[in-house]
Colleague: 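Please find one structure pasted underneath; my questions will follow.
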Amino acid sequence: MKKTFLKILGVVFFLAVGMFLGKHFFGVKSVETVPMPSTIKYRNVGISSDTTQVAQSQEFNGQIIEVKNGSSIQDAVKKANPGDLIRVFPGTYSENVYIDKDDISLQGVVINGEWPTLDGNKEINDAFLYSGNGILIENFKIINYKGNGVMGQAGNNFVIRNNWIIDTGVYGIFPQYGKNGLIEHNVLSEIEDAAIYVGMCDNVDVLHNEVFDNVAGIEIENSRHCLVENNYAHMNTGGILAFVTPGLPIKTTFDVIIRNNFVVNNNHANFGAPGSTVAGIPAGTGILIMAADDVIVENNIITGNNNTGITIVDLANGMPRANDPNSEGNPDRVVILDNIMYDNGNEPTGEIKAIMLTKLENKGPDIFAFGGGTGSTIRDKNKYRTFGIDDYGIAQITDTKDIPTMMTPGPVPPRSVSEQELGEMTYYGVCAGCHAFGTRLIGPPTEILQAIHNNNPQGIVDYINNPKNLREDYPEMPPQDYLSDEAKMAVAEYILALKE
Amino acid sequence: MYAACLGVMVFILYASNVSSSPYVDVPLLNCNCPPGFKLTEDNTCIARNLYDQYAVRNLAGVGGLKSALPKIRDGFSPQEIDLGRYLFFDPVLSGDGTISCASCHDPKKGFSDGLATSIGIDGHKAKRAAPTLWNVGYLKKLFWDGRSTNLEDQMEGPLFSEEEMGNTPENLLSSLNGIENYRKLFAEAFPDRNSNAKISLDEIYTAIAAFEASLISLNSKYDQYAHGYHDALNQKEIEGLNIFRSFVARCAECHTPPLFTNQQFAVIGTPEPDGLPLDPGAEVPFKDKSLRGAFKVPSLRNIEKTAPYMHSGRFKTLRETVQFYTNGRGHAVPEGEDLLIHWHIWEPNLTDYELDRLVDFLKTLTDETFTPQVPDKVPSGLEISF
């Protein structure tokens, strides 16, 4: 802590010198540096490709399972097979729905303004938890959970849209470890951490959401290739955040575009849990970029945020107490293009207030940069009230219109595994504990299995599904019926083809 | 190709005229890979298991149910692995011939020792608990404080520590080189060098590392569920899984599947057994105050088998251990200590019912089907006692 303080003092000293020099250098703003405005020729509204196929590897091709008030969504998930669509009708469902299958779509049906509502009564942890790939969750109202509204753990190709989420605890929508996903048209409020939290993911678009009255509106954390576009983030403590949290197994955030958003009046008092990463965000933070690289901020309307419009900070200053030698802490190559910013910094707080006072300013700036980082640029430095961006060069690009999405061109395919490979994994990964060539382990040697079931893989499959104790001098073999049908046949064929 | 692999165990009968050590029969080294490994054309063992089905999303090998594992230390020969097995169980590795690696990493106790803190040579009490060695080949940081990054370096710790095995490099080499059986077995395991060459420290380390990295536990009931067989877990265990991975308890944020560790450091503020001072953990090796009290997140596989729990064994049961997480952020931090408690440690207010379900779930992580055989005799002829 002391160290940071000293650092700040040091900066303040240089700042005083800088102010003096700055007055001389920037006293007259050179007209040549004012770029021509880039007319907004495009806007990524309406591009939302509203089909269930946008991210799923399997087209919806299965059964439709209907869930009516009084029955359970989880029961439907248990029945569902990949490719199925579960339609949930209006009613109140107080449950934790977990989806450990691939390609399941859950769709609420809103009738006459009545939503299918998942109500956690502040007793249930999470509304939706998924680990499968190709999960769609849409049209649900989710309220009063303790953990998350929607949490994904490692599912790729997800679509989470049109949900109305209020006070679901720590996060509203939280995909983690996923690749290729779409989060759009959701409305979230009263979340005590981030309303939308993209954590340790890749290739995610966050579009057209409204987030308000949360501690953090939208958070892109330890994630790469994300587009945050056309969201309305208002009355949060912090509106839109892109940062690196140290100490996580995935260490980087880069290639993030924050574009065409409304980041307005994010002045909510911070009600984050003590010790949480967002608990330290000062109220009045519009956009926060901490330690993230290659972030582009373009065409946003950023107004009325009482501390700063955009804060760019390194980890040493932003999270001085955390430490991870494997997390590079500087925000590098931030690009600020045209944005509309005014009325920010009306009531700066904490360190920013102190630092601004040294500049004889009692307002916070539109753009505030502090700490390390190189290669950052800005299109029109003179347009905004800024602090700490003297070393920012002129942006080399004018817009990002060539990047309509960060999602992958097609669904992320599952790893393709041949039958032979599957047989091999199953044999060595499971059967080899008891069967091997040439020796008796717990079960008979593999060559005996080959001799008995020569040319008859089905015979092996039948046996491992329902083993009988055939040999007096051997114990009973535990059933291997938990293997998938493909794995059973693959391993049977693998064993029969195996040569010592 | 490997003519020695006859399928039937062949016993070599050494003429025991030169050897100063007692005469023992030891079989030839196994020329098959242990379970979980496939033998390649060039006589190395490559890990194979059902997690190979999944695409590698990140090199850290963390994620959800169907996530690929991190890279494992594999590629050892079957003979190296088998030689490592003899060494691991052989008390000749210790200064006074009383303690083997297995004394503290006993396969019958989940490769731990059942003690709060281990006991080494001459009854020396260690400061920390012996961690399990299951799946240790996947770990990038070793020891509770992560001070070692590979198995070869790690084992110099116990071997040459006065509190643990009390040996010296010189004495270790001279005792192994003095045992004819070992000279033959090393020559067999390291066929590329002159068969009369002396046993070297590197060979010892390689063989033991090869054995440790072969300890695979990935066939628990949980794994069956993860691969898609949902009947593998009963209703209570599934409830436990959902509590475990929920963002209220947040266990899976640190104990992340498939290994049930994200291999990061975390300060969670566990208490020491009565009378022991606070263990500064990773602060010491990394000379970093922010890591005071930080420990590597331990894997929870086979956790049912390795009581007592935490770095110094403060908690006797799993129930007490999970209770710790709901007793309040920093509740056990000694007065005067200002630890940087991890942000995932908070006040989840888990109910007794939920804590019981967590314990149910933790017990589904047990799988010892690939337990290696304890040798009947070790090449030194010393008594195997642990």
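Letters A, B, ... are given to chains in the order of the sequence lines, protein chains preceding strands, and every chain is numbered from 1.
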Colleague: Working to the nearest 0.5 Å, report the span between OG1 of Thr256(B) and CD of Gln176(A).
Modeller: 7.5 Å
Colleague: How close do Asn156(A) and Arg57(B) get, heavy atom to heavy atom, and via which atoms?
Modeller: OD1-NE, 3.6 Å
Colleague: As an exercise, state the distance from CD of Gln224(B) to OH of Tyr482(A), rounded to the nearest 0.5 Å.
Modeller: 5.0 Å
Colleague: What residue in Asn49(B), Leu59(B), Thr351(B) has the most heavy-atom pairs under 4.5 Å with chain A?
Modeller: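 The candidate making the most pairs under 4.5 Å is Asn49(B).
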Colleague: With only heavy atoms counted, which part of Phe174(A) is less than 4.5 Å from chain B, the side chain, the backbone, both or neither?
Modeller: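 Just the side chain, heavy atoms under 4.5 Å.
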Colleague: For Pro445(A), which atoms come within 4.5 Å of any heavy atom of chain B: side chain, backbone, both, or neither?
Modeller: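 No part of it gets close to chain B.
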Colleague: What pair of heavy atoms forms the shortest contact from Gln153(A) to Ala252(B), and how long is it?
Modeller: NE2-CB, 4.4 Å
Colleague: Restricting to non-hydrogen atoms, name the atom on Ala432(A) and the atom on Pro35(B) that form the minimum distance, rounded to 0.1 Å.
Modeller: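 Heavy-atom minimum between the residues: O-CB, 3.4 Å.
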Colleague: Between atom CG of Asn125(A) and atom CG of Leu350(B), what is the distance when rounded to the nearest 0.5 Å?
Modeller: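 Atom-to-atom, Asn125(A):CG and Leu350(B):CG are 7.5 Å apart.
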Colleague: Are the charged groups of Arg245(B) and Asp126(A) less than 4.0 angstrom apart, N to O?
Modeller: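 Looking at Asp126(A) together with Arg245(B), the answer is no, because their closest N to O distance does not fall below 4.0 Å.
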Colleague: Name the option with the most non-hydrogen atom pairs under 4.5 Å to chain A; the candidates are His344(B), Glu239(B), Glu253(B), His227(B).
Modeller: Glu253(B)
Colleague: Is it the side chain or the backbone of Ala55(B) that comes within 4.5 Å of chain A heavy atoms, both, or neither?
Modeller: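 Both backbone and side chain of Ala55(B) come within 4.5 Å of chain A.
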Colleague: Of the listed residues (Ala154(A), Pro249(A), Gly178(A)), which shares the most heavy-atom pairs with chain B below a 4.5 Å separation?
Modeller: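 Among the listed options, the one with the most contacts to chain B is Pro249(A).
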Colleague: Non-hydrogen atoms of chain A under 4.5 Å away: do they reach the side chain of Ile341(B), the backbone, both or neither?
Modeller: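 Answer is neither: Ile341(B) stays 4.5 Å or more from chain A.
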Colleague: Can you tell which part of Ser246(B) gets under 4.5 Å to a heavy atom of chain A, answering side chain, backbone, both or neither?
Modeller: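 Contact with chain A: backbone and side chain both.
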Colleague: Of the listed residues (Thr245(A), Val417(A), Asn148(A)), which shares the most heavy-atom pairs with chain B below a 4.5 Å separation?
Modeller: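 Option with the greatest count: Asn148(A).
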Colleague: With a 4.5 angstrom heavy-atom cut-off, which part of Gln53(B) approaches chain A: side chain, backbone, both or neither?
Modeller: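 For Gln53(B), the contact with chain A is made by backbone and side chain together.
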Colleague: Between Leu441(A), Val430(A), Thr277(A), Asn326(A), which has the largest tally of heavy atom pairs under 4.5 Å with chain B?
Modeller: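 Result: the option with the highest number of such pairs is Val430(A).
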Colleague: With a 4.5 angstrom heavy-atom cut-off, which part of Asn96(A) approaches chain B: side chain, backbone, both or neither?
Modeller: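 It is the side chain, since no backbone atom gets that close.
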Colleague: Check whether more than 12 heavy atoms from other residues, nucleotides or ligands sit under 6.0 Å from atom NZ of Lys236(B), and answer yes or no.
Modeller: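 Not more than 12 within 6.0 Å, no.
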Colleague: Of the listed residues (Asn262(B), Val62(B), Thr369(B)), which shares the most heavy-atom pairs with chain A below a 4.5 Å separation?
Modeller: Val62(B)
Colleague: Kindly check if the number of other-residue, nucleotide or ligand heavy atoms within 6.0 Å of NZ (Lys71(B)) is above 12?
Modeller: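 For Lys71(B), atom NZ is crowded (more than 12 foreign heavy atoms under 6.0 Å).
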Colleague: What residue in Ala279(A), Gly132(A), Gly247(A) has the most heavy-atom pairs under 4.5 Å with chain B?
Modeller: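 If we count pairs closer than 4.5 Å to chain B, Gly247(A) comes out on top.
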Colleague: For chain A, find which of Asp231(B), Asn242(B), Asn58(B), Leu241(B) contributes the most heavy-atom pairs closer than 4.5 angstrom.
Modeller: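 The residue among Asp231(B), Asn242(B), Asn58(B), Leu241(B) with the greatest pair count is Asn242(B).
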Colleague: For Gln264(B) and Leu248(A), which heavy atoms make the closest approach, and how far apart are they?
Modeller: OE1-O, 3.6 Å
Colleague: Please flag which part of Pro257(B) lies under 4.5 Å from any non-hydrogen atom of chain A: side chain, backbone, both or neither.
Modeller: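 For Pro257(B), neither part sits under 4.5 Å from chain A.
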Colleague: Using only atom types and a distance under 3.5 Å, with no angle test, would you say the side chain of Arg415(A) pairs donor to acceptor with the backbone of Asp52(B)?
Modeller: yes
Colleague: Please classify the contact between Tyr171(A) and chain B as side chain, backbone, both or neither, with a heavy-atom cut-off of under 4.5 Å.
Modeller: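 The side chain, not the backbone.
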Colleague: Tell me which of these, Phe37(B), Tyr229(B), Phe247(B), Tyr225(B), has more heavy-atom pairs under 4.5 Å with chain A than the rest.
Modeller: Phe247(B)
Colleague: Could you check whether any side-chain heavy atom of Lys78(A) comes within less than 4.5 Å of a side-chain heavy atom of His230(B), counting everything from C-beta outward?
Modeller: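 In short, these two side chains do not touch, never coming nearer than 4.5 Å.
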Colleague: Please state whether the side chain, the backbone, both or neither of Ser484(A) comes within less than 4.5 Å of a heavy atom of chain B.
Modeller: neither
Colleague: What are the two closest heavy atoms between Trp346(B) and Ala273(A), and how far apart are they?
Modeller: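 The pair with the smallest heavy-atom distance is CE3-CB, 4.3 Å.
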Colleague: Select one option (side chain, backbone, both, neither) describing which atoms of Thr371(B) are under 4.5 Å from chain A's heavy atoms.
Modeller: neither
Colleague: Looking at Leu291(B), Ile238(B), Ile216(B), which one has more heavy-atom pairs under 4.5 Å with chain A than the rest?
Modeller: Ile238(B)
Colleague: When you measure from the side chain of Asn219(B) to the backbone N and O of Gly429(A), does any donor-acceptor pair fall under 3.5 Å?
Modeller: yes
